[in-house]
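To start, the structure itself, in structure tokens.
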Amino acid sequence: MIAKLDSMLLPRKKFLYHYKNVRWARGRHETYLCFVVKKRVGPDSLSFDFGHLRNRNGCHVELLFLRYLSALCPGLCGYGAPGERRVSYSITWFCSWSPCANCSSRLAQFLGRTPNLRLRLFVSRLYFCDMEDSREREGLRLLKKAGVHITVMSYKDFFYCWETFVARQQSKFKPWDDLHQNSVRLARKLNRILQPCETEDLRDAFKLLGL
DNA sequence: ATTTTCAAT
């Protein structure tokens with residue numbers, strides 16, 4: 001049973017290489033997506049599923065996930081019997097890269113017509129977000145508008161992923177150098193991206209006034 | 001100081 005489950009888990013080296021939140025992520029030509037799916041089956045009870053995916057055959061991992069979604073979440077999209085309610089799900093993603101502009105837009109569209117799905121998104125690194133006017137930045141704002149909570153992964157998130165998705169064989173999660181600093185830097189960057197400009201202007205104004 | 005990015009060779 002353990003051995004069977006192990007094959008579904010991420011090898012330690014793969015996780016560490018692809019999720020490392022280093023400034024210059026040379027060679028990460030793959031993106032991994034670890035997910036947790038929770039289904040609301042009653043007023044209180046939740047069922048639970050988890051796993052991981054990576055991009056394949058030129059298909060970004062987010063869109064790959066959308067393809068698997070109906071199998072993963074029965075009753076999410078179908079219309080069911082007349083008068084029957086759709087099933088509600090909460091999904092959490094932990095992605096090694098944040099989504100590209102196209103994936104963000106496709107996701108936002110999908111979520112717009114699937115109000116019974118809540119998506120929480122943790123990312124290790126920000127994908128093509130250096131330019132002030134990058135389409136990827138715009139895409140992240142679109143996702144926020146679609147109700148997605150986007151957060152940069154911190155120590156506790158890497159730790160949780162290690163415990164949940166990695167074939168760790170009893171080994172403890174060993175944070176790499178600068179994990180915390182990198183996470184803080186990226187979180188600030190993401191906040192600046194998601195923050196409406198007015199707030200930023202106000203903050204500067206307050207600073208000028210010494211308030 | 002500078003470096004990369006869901007590849008393409």
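Bear in mind that the values here come from a model prediction, so they are computed numbers and not experimental data. First the proteins, then the strands, lettered A, B, ... as listed; each starts at 1.
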Quick one: [X] [atom1] to [N] [atom2], roughly how many Å, whole number?
X: A:Leu66; N: B:dC6; atom1: CG; atom2: C1'; result: 14 Å
X: A:Asp178; N: B:dT4; atom1: CG; atom2: P; result: 18 Å
X: A:Lys20; N: B:dT5; atom1: NZ; atom2: P; result: 16 Å
X: A:Glu136; N: B:dC6; atom1: CD; atom2: C1'; result: 11 Å
X: A:His52; N: B:dC6; atom1: NE2; atom2: P; result: 19 Å
X: A:Glu62; N: B:dC6; atom1: CD; atom2: P; result: 11 Å
X: A:His18; N: B:dT4; atom1: NE2; atom2: C1'; result: 14 Å
X: A:Met131; N: B:dT5; atom1: CE; atom2: P; result: 17 Å

Task: A:Phe173 backbone acceptor or donor facing A:Arg12 side chain under 3.5 Å - done: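 Flag not set: sc A:Arg12 to bb A:Phe173 has no pair under 3.5 Å.
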Open item on the list: Please tell me whether A:Phe158 and A:Tyr19 form a close aromatic pair, meaning their ring centres lie under 6.0 Å apart.
Closed with: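 Centroid separation for A:Phe158 and A:Tyr19: 6.0 Å or greater.
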On a whole-Å scale, what distance lies between the [atom1] atoms belonging to [N] and [M]?
N: B:dT9; M: B:dT5; atom1: P; value: 15 Å
N: B:dT3; M: B:dA7; atom1: P; value: 23 Å
N: B:dC6; M: B:dT2; atom1: C1'; value: 25 Å

Give me the distances for all protein-to-nucleotides 7-9 of chain B N/O pairs that come in under 3.5 Å?
{"residue": "B:dA7", "atom": "N7", "partner": "A:His29", "partner atom": "NE2", "Å": "3.4"}

Open item on the list: I'd like to know whether CZ of A:Arg54 has more than 12 heavy-atom contacts from other residues, nucleotides or ligands below 6.0 angstrom.
Closed with: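 Atom CZ in A:Arg54 is crowded, with more than 12 foreign heavy atoms closer than 6.0 Å.
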Task: Residue A:Lys189 excluded, over 12 heavy atoms near NZ under 6.0 Å - done: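 Yes, because the 6.0 Å sphere around NZ of A:Lys189 holds more than 12 heavy atoms from other groups.
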- [ ] Taking atom types as modelled, find out whether A:Asn102 and A:Ser105 have a side-chain donor-acceptor pair closer than 3.5 angstrom.
- [x]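 Looking only at side-chain atoms, A:Ser105 and A:Asn102 do not form any donor-acceptor pair under 3.5 Å.
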Open item on the list: Is A:Tyr32 close enough to B:dC6 that one of its side-chain N or O atoms is under 4.0 Å from OP1 or OP2 there?
Closed with: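 No, outside the criterion.
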- [ ] Could you check which residues of residues 93-107 of chain A get a heavy atom under 4.0 Å from DNA chain B? Sort them by number, please.
- [x]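 Within residues 93-107 of chain A, the residues near DNA chain B are A:Trp97, A:Ser98, A:Pro99, A:Cys100.
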Task: Face-to-face contact A:Tyr127 to B:dC6 six-ring, under 5.5 Å, under 30° - done: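 So A:Tyr127 does not count as stacking on the base.
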Task: Inter-residue atom distance A:Glu62.CD - A:Leu107.CG, 0.5 Å rounding - done: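 If we round to the nearest 0.5 Å, A:Glu62:CD and A:Leu107:CG are 6.5 Å apart.
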TODO: For the residue pair A:Phe94 and A:Tyr160, categorise the inter-ring angle as parallel (less than 30°), tilted (30 to 60°) or perpendicular (more than 60°).
DONE: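 Correct class here is tilted.
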Open item on the list: Taking side chain to side chain contact (heavy atoms under 4.5 Å, CB included) as the definition, give me every residue that meets it alongside A:Glu163, ordered by chain and number, with sequence neighbours left out.
Closed with: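 Checked A:Glu163 against side chain to side chain contact (heavy atoms under 4.5 Å, CB included); matches are A:Phe159, A:Arg168.
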Task: Geometric cation-pi criterion, A:Arg118 with A:Tyr89: 6.0 Å, 45° - done: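 Geometry flag: not set, cation outside 6.0 Å or 45°.
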Open item on the list: Looking at A:Trp24 and B:dT3, is any side-chain donor or acceptor paired with a base atom of the opposite kind under 3.5 Å?
Closed with: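 Indeed, a donor on one side and an acceptor on the other fall under 3.5 Å apart.
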